[in-house]
**Q** 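Structure in structure tokens, see below.
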2 protein chains.
Amino acid sequence: MSKPEVTTTRLDDAARAGWLYYVAGNTQDEIAAKLGISRQSAQRMVSLAVSEGLVKVRLDHPIARCLDLAEQLKQRFGLKMAEVVPTDPGSTSTTLGVADAAAAEMTRWLKSETPIVLGIGTGRTLKAAIELLSPIECPQHKVVSLTGNIAPDGSAAFYNVIFNIADKIKARSFPMPLPVIASSPEERELLHSQAMIRPVLELSAQATVAFVGIGDLSEEAPLFIDGFISREELLALRQAGGVCEIVGRAFDRNGVPLKGLTNDRVASAHIPSRDTAMVIAIAKGPKKLPGIEAALKGSLINGLITDEATAETLLAG
Amino acid sequence: MSKPEVTTTRLDDAARAGWLYYVAGNTQDEIAAKLGISRQSAQRMVSLAVSEGLVKVRLDHPIARCLDLAEQLKQRFGLKMAEVVPTDPGSTSTTLGVADAAAAEMTRWLKSETPIVLGIGTGRTLKAAIELLSPIECPQHKVVSLTGNIAPDGSAAFYNVIFNIADKIKARSFPMPLPVIASSPEERELLHSQAMIRPVLELSAQATVAFVGIGDLSEEAPLFIDGFISREELLALRQAGGVCEIVGRAFDRNGVPLKGLTNDRVASAHIPSRDTAMVIAIAKGPKKLPGIEAALKGSLINGLITDEATAETLLAG
DNA sequence: TTGTGGTATGGGCAAATACTCACACAACGG
DNA sequence: CCGTTGTGTGAGTATTTGCCCATACCACAA
């Protein structure tokens, strides 16, 4: 006999046992007594009810939908980790919710006893996340910046958050005292070969986990708004097919880094290897969608924190 | 609301834990690890999710015996609708199972696109049912109370559930700001002629469907326990042949309303006409048997939700 | 009758889960 | 300011559950 073929009365009994268990809240012992069978049989009845799909559980909470979407994201894009937070339909904030979730995820990593190397990108979302981070003492960990922290005018780049996080978690921090984008490829090489910088770059390659934002390349591209690139450079990136930027480096819609242009001068560390590190992007909203899609296609990341609406669009596409 | 009042984020966490447990099939240990909390807390979260009613279990199996009994009930007593849930032999609860079924039946009605008028009685069973009701937005419907909601001491009658249900389903609600039993027939007339009350009474007569409980008139009669009638009044009702009470109005064993006594002063609306409305009683257990029999004999109802044991006794008698 | 293959049963045990308790901490009220 | 009260937490412990396995049972064929 190929099919399991369960008889009707058997399923009836299973349903009854399942009812007594799940609805009436009996223990298997009690069910056994009431149905006049052994506890083991009662257990079998209950598990039969489950395996035959008689028992359906539903969670009456918006969160349930989010978890479901997260699971789908992981499946579909081969992510190791995904988190979807509820969308607040009214809000236009690009950080609401995801920042909290990112802070929570960071905390989970930081709670580890064994030392980790935490790579940190840049951006508004990340800054918001770190502001939400609860202070926690983790002297065992190291936190390393993936981007330079010097703005074009020589001031500290505002959305470079390495100091903020280091302060919050009392870990040793490794900032990258460089401009985000050097003036020429040669300057970048020169800077990268400095004794102060090299160990930071090496450390960033060893990151256990990295949190990065995804920047769009629209008219309001953070790289442009914050003055790291000129309007002409922004247009050139778009012309070349660029749709997003991670730690300053521009990618096309397939997540392939653009050749030339500002990419030749980006002084940031490379995104850590997805084989050895968790690279978690924090991004939501329609403006970031092409960027997220690119990052997923190009396997630039293996973790994503986003919101419901964004997740739905990603899965629909 | 005198409820414990659990904050949103706490419920969110509970939902998350519940999802991981029931949907994703994690053990509590795994949940604890994933959420970065202790196993005990994970357990608490899961049980919170259950106790807050976030987790709904449904059994997708018509237990043959119950269906059979339901069919027989419909045939024998000319009901339009009957539902029989399994009996838990050991339990003394008067709501277990039937409340779930009632909630499911309500949901079925509420899902209707076309606006309905939902009449709601009172009582423990009904309250339990409404607590199990999943929140569902139905602004198209109206829900009207069939009984007054003022207790003898002036407080809100505890088992009047119009507000609970209105809150759950986001429908316009029509409570009846009256005492359940007026001090005299004259007072009742006066109250009923009020401009605030009349529309409610008229609406209740137009109900599409009404859910009512059946109260017994034993020493533990809810009317008496909750202080709506005195012991003397209770005894008088029994003396006069009363066996049950629906929306406060007492009936004899044939389902004929008693003349005089407290019935002259009951301020409740009449049970909607069985010709135009579904009137569904929710009741089980030996104590309610005479009441259910009376309601069936007097054709006070055309729908019944009860349990196996009660159904069997009804059919045997 | 006996053997054989398949299936159901219950004992036993480790894992998982629920519960109780004591304590920490914050909010509240004198 | 200090007790009081309520709430949340972790530790420890009892209960419950899931699962393996030896055994009993049954139908059927030799």
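Source: prediction; values computed, not measured. Proteins come first, then strands; the chains are lettered A, B, ... in the order of their sequence lines, and each starts at number 1. Side chains included, hydrogens not; waters and symmetry mates left out as well; all remaining heavy atoms used.
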**Q** Take the protein atom CG of B/L48 and the nucleotide atom P of D/dT9, then report the distance between them rounded to whole Å.
**A**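 It is 11 Å, rounded to the nearest whole Å.
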**Q** Determine the sole option in A/I116, A/T276, A/L118, A/T114 for which the side-chain contact (heavy atoms from CB on, under 4.5 Å) test with A/T208 is passed.
**A** A/I116
**Q** Would you confirm whether A/E312, through its side chain, and A/A309, through its main-chain N or O, come within 3.5 Å as a donor-acceptor pair?
**A** no
**Q** Rounded to the Å, how far apart are A/Y22 OH and C/dT17 P?
**A** 12 Å
**Q** I need the minimum non-hydrogen distance between A/D307 and A/V98, along with the two atoms involved.
**A**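 Heavy atoms only, the tightest pair is N-CG1, 4.1 Å.
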**Q** Between C/dG10 atom P and A/Q28 atom CD, what is the distance in whole Å?
**A** 14 Å
**Q** For the pair made of CD in B/Q43 and P in D/dA14, what is the distance, rounded to whole Å?
**A** 17 Å
**Q** Return no unless some side-chain N or O of A/Y21 is found under 4.0 Å from OP1 or OP2 of D/dT16.
**A** no
**Q** C/dG10 base to A/R44 side chain: any donor-acceptor pair below 3.5 Å?
**A**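 Answer is yes: a donor-acceptor pair is held.
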**Q** Specify the separation, in whole Å, of atom CG of B/D29 and atom C1' of D/dT16.
**A** 16 Å
**Q** Between D/dC25 atom C1' and A/I37 atom CD1, what is the distance in whole Å?
**A**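 Between C1' of D/dC25 and CD1 of A/I37: 17 Å.
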**Q** Would you say A/S38 places a side-chain N or O within less than 4.0 Å of OP1 or OP2 belonging to C/dT9?
**A**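 Negative; the distance criterion is not met.
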**Q** Please confirm whether the backbone N or O of B/Y159 pairs with a side-chain atom of B/T122, one donor and one acceptor, at under 3.5 Å?
**A**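 Judged by distance alone, yes, a pair lies under 3.5 Å.
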**Q** Indicate whether any N or O donor in one side chain lies under 3.5 Å from an N or O acceptor in the other, for B/S134 and B/K56.
**A** yes
**Q** For the base of D/dG18, is there a side-chain donor-acceptor partner from A/Q40 under 3.5 Å away?
**A**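 No such pair is found, so the answer is no.
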**Q** Would you mind reading off the distance between B/L20 atom CG and C/dT17 atom P, rounded to a whole angstrom?
**A**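 Atom-to-atom, B/L20 to C/dT17, this comes out as 12 Å.
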**Q** Respond yes when some side-chain nitrogen or oxygen of B/S47 is under 4.0 Å from OP1 or OP2 of C/dA18, and no when none is.
**A** no
**Q** Under 4.0 Å between a side-chain N/O of B/T27 and OP1 or OP2 of C/dA15, yes or no?
**A**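 Result: no.
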**Q** For A/R39 and C/dA8, what is the distance between atoms CZ and P respectively, to the nearest whole Å?
**A**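 A/R39 atom CZ is separated from C/dA8 atom P by 19 Å.
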